[in-house]
2 protein chains.
Amino acid sequence: MRLTTKGRYAVTAMLDLSIHASEGPVSLADISKRQEISLSYLEQLFSKLRKSELVASVRGPGGGYQLSRALDAIFIAQIVDAVNESIDVTNCNGKGNCNNGEICLTHHLWEDLSVQIHKFLSGISLADLVARKDVQQVSLRQQEQQEEFAHIGDRINVISSSRLN
Amino acid sequence: MRLTTKGRYAVTAMLDLSIHASEGPVSLADISKRQEISLSYLEQLFSKLRKSELVASVRGPGGGYQLSRALDAIFIAQIVDAVNESIDVTNCNGKGNCNNGEICLTHHLWEDLSVQIHKFLSGISLADLVARKDVQQVSLRQQEQQEEFAHIGDRINVISSSRLN
DNA sequence: TTATACTTGACTGTAATAGTAGGGTATTGC
DNA sequence: GCAATACCCTACTATTACAGTCAAGTATAA
């Protein structure tokens with residue numbers, strides 16, 4: 001099974017996109033700042049998300065990414081699938097040649113688990129996550145922190161411009 | 001989450017041990033042959049399984065490993081836990097400092113998934129696996145293959161000893 | 001036409017897995 | 001006793017995938 005930072009980053013970024021969807025296209029630079037994910041890394045992830053047609057891009061100034069479907073039509077499993085190859089947990093990637101060209105002792109066990117995980121992540125949509133209270137709390141906190149940073153940014157600008165004089 | 005060949009090997013080996021439990025202590029060399037797992041690697045895994053008190057060792061000729069509990073008292077989650085550190089899938093290892101020292105947007109989602117996986121693997125015992133038809137079939141196949149190899153081994157012995165004359 | 005922001009590909013550091021090697025120690029049976 | 005068996009332990013290596021960087025593009029809105 002492959003469920004690492006990669007898949008988690010993708011889901012987090014997509015959730016960020018969902019939350020700020022009403023403000024028009026969201027730039028990766030914004031997501032990068034809010035979620036503390038490297039911009040270049042986000043670019044790679046969104047390249048895959050775009051190929052899986054989960055997001056659409058808008059180029060140029062004011063551009064960014066948009067969800068290409070409704071919030072309740074995008075499921076976590078799809079996002080994880082888009083950036084990882086699969087969430088198959090068998091040794092042989094489902095081929096069934098894990099022991100001497102035939103299946104190994106535990107092949108079906110891992111197959112069952114794969115189904116289980118997929119079922120769980122397929123049952124949760126972005127709409128479900130956005131509606132969660134803990135998600136809303138974290139989002140609010142991030143917004144406050146960003147405003148705080150903006151203030152500090154202003155002050156730095158003042159200082160540096162006064163130095164320029 | 002960490003569910004790789006390591007954990008799968010451990011479960012496969014423990015299942016092999018379960019199936020051959022009636023024949024007395026099972027040597028790692030036998031498991032290595034049957035399940036196609038490197039002997040040295042098995043030794044490392046069983047060192048951890050022993051420390052977790054899932055198996056007990058018998059030294060000397062005719063020795064090997066035995067389960068230290070009944071088949072229905074050992075669960076897959078325990079085996080995976082013994083060789084991997086955890087089956088936690090959050091970014092922060094459950095610490096909750098994944099975003100700016102506080103939890104990230106998707107922290108609770110991954111926590112939920114961790115619980116789900118753990119619950120699934122905790123619900124399956126070695127006894128359950130041994131009782132499965134597909135497991136019995138694979139085990140039978142492995143036994144036949146080993147007898148076949150033994151025959152070939154005999155023939156090689158005959159040839160080499162005749163050459164020695 | 002310029003700044004913005006997406007797009008792409010090549011490249012690198014790092015960490016864990018997967019596997020190897022080689023030394024031990026305990027125990028049994030001759 | 002001593003040789004064979006099989007566990008026990010440590011250090012080492014190769015590989016792989018993730019995670020991240022860098023640098024060059026292209027499309028588009030203002």
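A note on names: the letters A, B, ... follow the listed sequences, proteins ahead of strands, and every chain is numbered from 1.
Counting only heavy atoms from C-beta on, B:Ser27 has its side chain closest to D:dC7 among D:dC7, D:dA19, C:dT28. Here C:dG19 is the nucleotide among C:dG19, C:dT4, C:dT7 with the atom lying nearest to any side-chain atom of B:Ser38. Of the listed nucleotides (C:dT7, D:dA4, D:dG20), C:dT7 has the atom at the smallest distance from the side chain of A:Arg59. The side chain of A:Glu43 has C:dT7 as its nearest neighbour among D:dC22, C:dT7, C:dT28.
Between the NZ atom of B:Lys51 and the P atom of D:dC7 there is a distance of 15 Å, rounded to whole Å. As a whole-Å value, the separation of B:Asp30 CG from D:dA6 C1' is 11 Å. Following rounding to the nearest Å, A:Arg8 (CZ) and D:dC18 (P) show an atom-to-atom distance of 12 Å. B:Leu39 has its CG atom 14 Å from the P atom of D:dT5, to the nearest Å. If you measure from atom CG of A:Leu28 to atom P of D:dT21, you get 15 Å, rounded to the nearest angstrom. In this structure, B:Leu42 atom CG and C:dA18 atom P are separated by 13 Å, rounded to whole Å. B:Phe46 has its CZ atom 17 Å from the C1' atom of D:dC9, to the nearest Å. If you measure from atom CG of A:Leu45 to atom P of D:dG20, you get 10 Å, rounded to the nearest angstrom.
At least one side-chain nitrogen or oxygen of A:Arg50 sits closer than 4.0 Å to the OP1 or OP2 atom of C:dT7. Between D:dC18 and A:Thr5, no contact under 4.0 Å exists linking OP1 or OP2 to a side-chain N or O. Distances shorter than 4.0 Å separate some side-chain N or O of B:Tyr9 from OP1 or OP2 on C:dG19. Listed pair B:Ser57 / D:dA6 fails the phosphate criterion, with no side-chain N or O lying under 4.0 Å from OP1 or OP2. B:Tyr41 has a side-chain polar atom (N or O) that falls below the 4.0 Å cut-off from OP1 or OP2 of C:dA18.
Using a distance-only test at 3.5 Å, with no hydrogens or angles considered, no donor-acceptor pair links the side chain of A:Glu53 to the main chain of A:Ser68. Judged by distance alone, the side chain of B:Gln66 and the main-chain N or O of B:Ala21 form no donor-acceptor pair under 3.5 Å. A donor-acceptor contact shorter than 3.5 Å is absent between the side chain of A:His107 and the backbone of A:Ile103. Looking at B:Thr106, its side chain never comes within 3.5 Å of a backbone N or O of B:Leu109 through a donor-acceptor pair.
Counting non-hydrogen atoms under 4.0 angstrom, B:Ser40 reaches a base of the nucleic acid.
Here the side chains of B:Phe120 and A:Asp112 are in contact, with some heavy-atom distance below 4.5 Å.
Each of A:Ile37 and A:Val58 was matched to the nucleotide of DNA chain D holding its nearest heavy atom; the match closer to the 5' end belongs to A:Ile37.
For C:dT20, its base sits under 3.5 Å from the side chain of B:Gln44 at one donor and acceptor pair at least.
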